[in-house]
Each structure stands twice: as C-alpha cells, then as structure tokens.
Number of protein chains: 2
Amino acid sequence: MARPKLHDVAARAGVSVTTVSRVLNNRGYLSDDVRARVGAAIDELGYRPDAIARSLIRRRSGLIGVIVPTVADPFFGELVAAIEHGLAERGYKTLLCDCQENPEREAEYLDLLQANRVDGIVTSTHNRGVTAYEDADLPIVAVDRRVGGGIPIVRGDNRTGGRLATEHLLARGARAPVLVTATDHEGNDRAASYREVMASHGLAPRVRAYGYSTGIDERRALVETWLSETAADGVFATDDLTALMALEWAHKTGRSVPGDLRIVGYDGSAVVRWGMPGLTTVIQPIARLGRRAADLVADRIEDPERLTPAEPPLPVELRLGWTS
Amino acid sequence: MARPKLHDVAARAGVSVTTVSRVLNNRGYLSDDVRARVGAAIDELGYRPDAIARSLIRRRSGLIGVIVPTVADPFFGELVAAIEHGLAERGYKTLLCDCQENPEREAEYLDLLQANRVDGIVTSTHNRGVTAYEDADLPIVAVDRRVGGGIPIVRGDNRTGGRLATEHLLARGARAPVLVTATDHEGNDRAASYREVMASHGLAPRVRAYGYSTGIDERRALVETWLSETAADGVFATDDLTALMALEWAHKTGRSVPGDLRIVGYDGSAVVRWGMPGLTTVIQPIARLGRRAADLVADRIEDPERLTPAEPPLPVELRLGWTS
DNA sequence: CTGAAAGCGCTTACAG
DNA sequence: CTGAAAGCGCTTACAG
C-alpha cells in the first residue's frame, strides 16, 4: 500500500481526521477509547505524519540553514557537527549549505533558504559584502564573523588567542615572529593582538595575508616566500594548516624547529588535537561554539522578542607542543 | 508587507493565479504581454515561490538525506562537501544527519528523513544491523558500506589500497607489519588484502581492531599496547588518525621512523594531503566518491527504472612520505 | 491563450 | 468529547 495518510488512519479507527490530528498533536479533550483506537490504527498502518504538509500549515519548517565555507575544512566540519547536534536536540533539522569561498553561492543559498522557509540560519563564511542577511527577516546567528544588522556573533576569544600565541613566541625567544593570516582586515582580533603584543615589546609587526580564495598550493608558496623573506624566527599562523605548511618548509630547508623557527597554529580541530600533539596551537572551543550557535538560533526562533545581549567570547586555550 | 504569495502577484499583474503559476513554471502557451506583466509583478514584489507548497503538490521535496558518522572527521567532512556540491549541481538540497557511531540515532534519522519526504538518501555510516534501509522505498546510495537490499555502493578500491600499503611495507623491509583497523569483519577488503599479501610472503598476519565506538584516548592506548606487544616493525593503519597515533608513539618511545617502524595510513583527506606530506598513506578519491554518490542518487530519483550495474570501485593511490 | 476549481496532506477555529 | 469545513500556498487537469 502507498504511504498511508491521515484519512486512512481515520477510516481505520472509525473517527474523523480531525480527531486523528488531535491525537497526533495531543490537543483538546479525547476519550481514552478514541485515543487507543487511533493509536492502534497508526501503528497498524505504520502512519507517519507528512512533515511537508505540517510545515505548510504551521508556517514552520523546522529547518535551519547552516552556511559554511566548506565542511571539508576540519574546523568547519567539527563546528557543523556540533551545530547539527545542538539543533537536533532542539528539534530542528540541518540544511547544509557548503559554499566554499564563493560569495555568489552564498547569496544564492540565502535565497534558496528563504524559498524553503527555513526557520533560521547559522552562518560562518568569511565572505564580506554579502549584505542580503540584513533584510532576511528571520533569526540569524553568525559564528566568528561580522554580518551586520544586529546579528549576534558567537566566537572564540580571538583577542586572548592572539595574545597568548604572540606572547608565547616571544617568551620562547622569537624576536621576528611573522603573523600569517587569511585576511588582515580591521575585524581580525588575532592580528590586532599580535600587533599589540609586538608593539609592547618594541618589535615591528610582520603581517602577511594570503586571502581566503587563494588555492592551497599558491598559499604554500606564499608562506614559504614570506618565511624566507622576513627572516622569521617564529610564525603565528591563524590556522593550523598554515602552521603545518611552515613546519614542512622548515624540514625542507633544514631549519630546526623550534630552534630556528618557532611555530604556533590556531584552531585545534580533532585531527590536530589527537593526531598532532606536537603542534603548539591555540585550541578553540569548537564544540561549544557550535552548540551555542544552535541554542541561540533556536532561542530566537522560539522567542523572537527575547533580547540578545552581546555574546561573550568563549575561552580559548594555548596548547604547548614541541614546535615552539 | 508580509511575504507575497501567488495571489498578490496575480492581482498586481491583473491575471489569474493559474497564469502566474504557468509563467513561473514556463508551462503552456503564454502571450508575451502576460509574460512581461507577470515578470514585472514578480520583480516588484520580490516574490519567491514557496518551496514547501510546491513540495506538497509535486510530492518531491528536492531534499536528500545525507547520513554520516560525523562530519567532524576530515574524511567525512570532505566527502559530505563533495556530495553537497554534486547534489546542488543537480538541483537538490542536503539534509545533514550527523549520527556518530550511534545506531539508534541512525534509525531515528531514517525515520525523520522519510517523514520529511526526502527524495533520496546517501548513507555512509558503519553501523551494521540498521536494516530499516531495505524497506525505505526510496533511492538510497551507500558510500563504502554494505547496506544490503540491492543498494548500490560507491567506494574506493579497498583491495588495491590494502595491497599497495602492505606490499610497500614489505618492500621497505618490514617483516612484522601489524594491521590496525576499526573492525575486522569479512567485508573489510583492506584487511583481506593485507592478509593475502602477508600470506603470499609467508608471513603471519597480525590484525588488531579497535572498534568504531572506542573513544579516542582509549584507541590511542590500544594502538600503543599493540605496537609494543607485537614488536611491530611496520604499521598499516586503515585511517590516517591512527597512523598519526603510531607516529607519535614512535617519537615518544624513541623509535626511529621509518628505521624501526614503517608507517602507512589510509584516506588522505585534505589536512593530511596538504599539511602532512610526510605521511605515507593511501589516498582515496574522496571528491570523486562524493560526486559519484550524488549523481547516482539523483539518477535513481529521476529515472527509477534505470538499471544500476555494480559500481566499479574508484582508484586509490599510494603516496610516499618519509614515514615508510 | 487564459481562468475557475479541485486538490496536495495536514491543522484549527467553530459548532454541536 | 467529536466532526464538517475552511485553509496553508501552490499546481494542474479541464473548460472555454
């Protein structure tokens, strides 16, 4: 038999569809007898309410759009896993939008999500200039990204992270540590802290930005060029992959680590935490970030009036390895 | 104004909703005049068809459920990214189900996906015994997993991968290479190849399985115990994280790599390919696996009659690093 | 070439 | 305590 519908359950139980619906939603008064008969009919037919029809009426799809650069990146993979778990616990489903570093795709996804009547959005891309968020008229939460329009931001404590990393490099004897980051815009708190710490020690900052859309091989080439050009004796990479590239370059060029070059990364996703204990890195609370973002968007859906004070940044932690 | 609906567009253009719908779907004959007026009204109102209402009528949600152990694992993160891109290109949306190693959650998700009328499912968990797939009555594609019930499997060439890894270890002089894998069941082609190659060289196989649900620290402890117990001079780990654990253990215990211990991993996800060029590993065609799974499920949705011959396994590649 | 009407599978006031 | 009817926002035969 084809998928049973409400009508079939009603016929089987000998009641109206209204009544079945009420049993389903546990709404209004119902005699035990009816309740039991309907329940039996549901079980016998293996009936499951059609979520699409429900969404149409309730004007709530139960879907949350989750927009990320790409889950192929371990940081975002771990983040999305945490977001998904948080959302599932609150009864929401995750519509994944993996848009790479492409602002066009992000704008398309934003459109698609609204057409699909998602109840809310969690976004964590780095694309600047995608302004469509501001007139989206639904709960949005950003992760470590300024979107504008009063959209709350969940993030790790980048100021502290940047400070810990830089101070650590200096404490280990570096005098010319270079900062390698994706983009050096004013919202980059890790870079801001690096500059502050360098200044407070009377050292000149060396900041290099490879750009988010730069291919991986090109990025590696840039990193290698910068490291030799700047005669760096330390690297603070604002992501672990870049830190690993620096490590590899040191091996290739016969430099000792940490003797000649001290290396500190950032993020501390699972593969780094468990597989590369030697890498000194700033560990972000990835699971907490994801869970908080999920809770926040669910809160705002369920209570749109709720005031959302600025989110305090979540604590990061410097893990020491042998690279520094 | 609230979100405009078909009715509003029709009123503005001075036509019926039927006509607007036809313009939207480019269906039937339409005068250029009407087409233009409706188009203008759509633009002026910023109208976007409600995907939920469409799904209800068409009985096609355009959603595909993607079930994975967890996207926090780089292999699955990269796989899901590829699946998502493939699906998006075919016009489908990705409903992400991140169920960890929990068979219960997987069964729940399977239920939820059907309630949400997904058009198809791509699954890649390792849970055995979740049999509900067989009576799901919708297109399903598995990635590197036997689900049963004639469900097609997209996978890398595990036999060749296992053979390459094992032969390489032996070629490098290992005489007691141990296989460390998640589960040593009969469907494990990597293990089968390992055994074959060992046998053909007259060597006794040493297989150790840590189990999917084992915690990461416990797994590390097991790996370390096994390596010392078996007096291994080589390791074939069927995933890269485990290979990295072996590497770490060698460092900790003062063994030289590859002198005392040759190490080969498996998977070659982005972080390993780009960040750890030193690890010898079998690189899976992760992007191709994802894309193929996406195309296959889309094909089966769009042409249910289509015969699906067994999928040929996709080629893997042994990358040489300094660990072997 | 265009429109009125029925219907996708549910929920929810409103009666009774 | 239960049911008939309207309606969520669309699409699609069927008329004209």
Side-chain angles (χ1 to χ4, degrees), chain A residues 1-42 45-63 112-119 138, chain B residues 1-42 45-63 112-119 138:
Chain A
M1 151 161 182
R3 180 182 179 123
K5 36 183 95 163
L6 205 57
H7 178 83
D8 303 311
V9 177
R12 179 138 194 155
V15 296
S16 72
V17 294
T18 308
T19 299
V20 178
S21 175
R22 267 200 294 259
V23 172
L24 247 26
N25 297 288
N26 202 19
R27 196 166 185 286
Y29 296 90
L30 293 159
S31 68
D32 289 346
D33 172 47
V34 161
R35 220 183 271 274
R37 264 162 47 216
V38 171
I42 288 176
L45 294 172
Y47 172 76
R48 295 193 57 30
D50 183 319
I52 304 256
R54 282 185 157 172
S55 301
L56 186 58
I57 290 203
R58 296 184 180 159
R59 260 155 287 173
R60 286 277 212 97
S61 63
L63 287 169
L112 180 146
L113 291 176
Q114 289 176 272
N116 281 275
R117 306 203 77 120
V118 295
D119 296 339
L138 62 141
Chain B
M1 149 162 181
R3 181 184 179 122
K5 34 182 99 164
L6 206 57
H7 179 82
D8 303 312
V9 176
R12 178 139 194 153
V15 296
S16 71
V17 294
T18 308
T19 300
V20 179
S21 176
R22 267 199 294 256
V23 172
L24 248 26
N25 297 289
N26 201 18
R27 194 165 186 286
Y29 296 91
L30 293 160
S31 67
D32 288 347
D33 172 48
V34 160
R35 218 183 273 273
R37 266 159 49 215
V38 170
I42 288 175
L45 294 172
Y47 172 75
R48 294 192 61 25
D50 183 319
I52 305 256
R54 282 186 157 171
S55 301
L56 185 57
I57 289 202
R58 297 185 179 159
R59 259 155 290 175
R60 284 276 213 99
S61 64
L63 286 169
L112 180 146
L113 290 176
Q114 291 177 271
N116 281 275
R117 308 202 75 120
V118 296
D119 296 338
L138 58 133

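As the structure is a computational prediction, the values presented were derived from the model and not from experiment.
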Is the shortest heavy-atom distance from the side chain of [X] to the side chain of [Y] under 4.5 Å?
| X | Y | answer |
| --- | --- | --- |
| Arg12(A) | Asp8(A) | no |
| Ser21(A) | Leu6(A) | yes |
| Leu24(B) | Arg54(B) | yes |
| Asp119(B) | Leu63(B) | no |

Please report, rounded to the nearest Å, how far the [atom2] atom of [N] is from the [atom1] atom of [X].
| X | N | atom1 | atom2 | result |
| --- | --- | --- | --- | --- |
| Asp50(B) | dG7(D) | CG | C1' | 14 Å |
| Asn26(A) | dT11(C) | CG | C1' | 15 Å |
| Arg117(B) | dC10(D) | CZ | P | 19 Å |
| Asn25(A) | dA13(C) | CG | P | 12 Å |
| His7(A) | dG3(D) | NE2 | C1' | 14 Å |
| Ile57(A) | dC8(D) | CD1 | P | 9 Å |
| Arg58(B) | dG9(D) | CZ | P | 17 Å |
| Lys5(A) | dG7(C) | NZ | P | 11 Å |

### Message
So if I take every side-chain heavy atom of Arg27(B) and compare against dG3(D), dG9(D), dA13(D), which nucleotide ends up nearest?
### Response
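Nearest nucleotide to the side chain: dA13(D).
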### Query
Among the nucleotides dA4(C), dT2(C), dG9(D), which one has an atom lying closest to any side-chain atom of Ala53(B)?
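Taking heavy atoms from C-beta onward, the closest nucleotide is dG9(D).
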Taking [Y]'s backbone N and O only, do any of them form a donor-acceptor pair with [X]'s side chain (distance below 3.5 Å, no angle check)?
| X | Y | result |
| --- | --- | --- |
| Arg27(B) | Arg22(B) | no |
| Ser61(A) | Arg117(A) | yes |
| Asp50(B) | Ile52(B) | yes |
| Ser55(A) | Ala51(A) | yes |
| Asn26(B) | Val23(B) | no |

Does [X] put a side-chain nitrogen or oxygen below 4.0 Å from OP1 or OP2 of [N]?
| X | N | result |
| --- | --- | --- |
| Ser16(A) | dG3(D) | yes |
| Tyr47(B) | dG9(D) | no |
| Arg54(A) | dT11(C) | yes |
| Thr19(B) | dT2(C) | no |
| Thr18(A) | dG3(D) | no |

### Message
Taking the nucleotide of DNA chain C with the nearest heavy atom to each, does Leu6(A) or Arg22(B) sit closer to the 5' end?
### Response
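The residue mapped nearer the 5' terminus is Arg22(B).
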### Earlier contact from the 5' end, DNA chain C, for Leu24(A) and Arg59(B)
Arg59(B)
### Query
By a strict heavy-atom criterion of less than 4.0 Å, which residues belonging to residues 31-38 of chain A are in contact with DNA chain D?
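Nucleic-acid contacts, sorted: Ser31(A), Val34(A).
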### Task
Looking only at non-hydrogen atoms, find the nearest pair between Arg48(A) and Ala115(B) and report the distance.
NH2-CB, 3.7 Å
### Query
List DNA chain D stems (3 or more consecutive Watson-Crick/G-U pairs, under 3.5 Å)?
C:1-3 with D:14-16, C:5-12 with D:5-12, C:14-16 with D:1-3
